[in-house]
Amino acid sequence: MKKTTLLAFIVLAAAPRAGVAGDDVINGEPVPFKPAPAESTLLMRHVEGGTEYVVFRSARGPGLRSPIHRHTSPAYSCVVEGEATVYMEGSAPHRYVAGECFWMPSGVRMANVNTGSKRVVLYDNFSLPVGTPYWQIDEDMAKHLDHQWDAPKTAPKTTP
């Protein structure tokens, strides 16, 4: 009887606990996989009336994810290849496949996870006041990825 009680205690102590506070947790559950930088390419940048409009092409391999972050202005992303599961505060995880887009509200903790078996490619679209960062990373172990969106202030011209 004592061995069973001790074994049950060890199993419970080692199990992941819902609701545990941590910077790698959304909705009380750890986000799967470790954060890694995306391969990002600036496709378009346009400034008009104090607003910056930007499109990045971002790619991550299977089993990789963005750090848990918040966007400083609302944005959206479209899956071009592969699949991604979006973990967002206040919502159940949702899987998106090529041809689908998703909204990224301002100030909401989220992470984009490549849960597929192939590379995921996304077009990330931002519209924000000039000089505003695209995101704020909430995960301490991933703060070094903050510069993923640093890009030259020029991009291919989209209009004459």
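This chain uses plain numbering: 1 for the first residue, then up along the sequence. None of the values given here were measured: they were computed from a predicted structure.
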Taking every heavy atom of A142 against every heavy atom of I137, the minimum-distance pair comes out as O-CD1, 3.5 Å
R45 side chain to E52 backbone, donor-acceptor under 3.5 Å
no
Exam field: side chain N27 to backbone A92, donor-acceptor pair closer than 3.5 Å:
no
Under 4.5 Å between side-chain heavy atoms, hopping through other hydrophobics if needed: is there a path connecting M104 to V79?
yes
Is there a side-chain contact between V31 and V113, using heavy atoms and a 4.5 Å cut-off?
yes
Among D23, D138, D24, whose salt bridge (charged side-chain N to carboxylate O under 4.0 Å, His left out) with R109 holds?
D138
If you measure from CD on E100 to CD on E83, what distance do you get to the nearest 0.5 Å?
10.0 Å
Kindly work out whether a path of hydrophobic side-chain contacts (I/L/V/M/F/W/Y, heavy atoms less than 4.5 Å apart) joins V55 to Y53.
yes
Contact between H71 and M110 at the side-chain level, heavy atoms closer than 4.5 Å - yes or no?
yes
Please evaluate residues R119 and E81 with respect to the criterion salt bridge (Lys or Arg N to Asp or Glu O under 4.0 Å), reporting the C-alpha separation (whole Å), side-chain torsions for both, the decisive distance (0.1 Å), and the verdict.
CA-CA 7 Å; R119 186 169 125 115; E81 297 173 26; 5.3 Å; no
Over all heavy atoms of both residues, which pair between H69 and A111 is shortest? Give the atoms and the distance, please.
CE1-CA, 4.3 Å
Point-to-point distance, once rounded to the nearest 0.5 Å, from OH of Y134 to OG1 of T72
9.5 Å
Residue pair M88 / W103, side-chain heavy-atom distance below 4.5 Å
no
What's the shortest heavy-atom distance between N125 and A75, and which atoms?
O-CB, 3.2 Å
State whether the number of non-hydrogen atoms from other residues, nucleotides or ligands found under 6.0 Å of F102 atom CZ is greater than 12.
yes
Heavy-atom pair with the smallest gap, counting every atom of C101 and Y96
O-CE2, 3.7 Å
Do F126 and S73 have side-chain heavy atoms sitting under 4.5 Å apart?
no
Grab the two heavy atoms, one from P93 and one from T85, that are nearest each other, plus how far apart they are.
CB-CG2, 3.9 Å
If you look at every heavy atom in R57 and Y123, which pair is closest and at what distance?
CG-CE1, 3.6 Å
Hey, could you give me the OG/CG distance between S58 and N112, rounded to the nearest 0.5 Å?
9.0 Å
Whether the side chain of N114 engages the backbone of G63 through a donor-acceptor N/O pair (distance < 3.5 Å, no angle test) should be reported.
no
Give the cluster check for F33 versus Y87: same hydrophobic cluster or not, with ILVMFWY residues linked at side-chain heavy-atom distances below 4.5 Å.
yes
Gap separating the CZ atom of R65 from the CD atom of E139, nearest 0.5 angstrom:
4.0 Å
For residues L128 and F56: do they belong to one hydrophobic cluster (side chain heavy atoms under 4.5 Å, members Ile, Leu, Val, Met, Phe, Trp, Tyr)?
yes
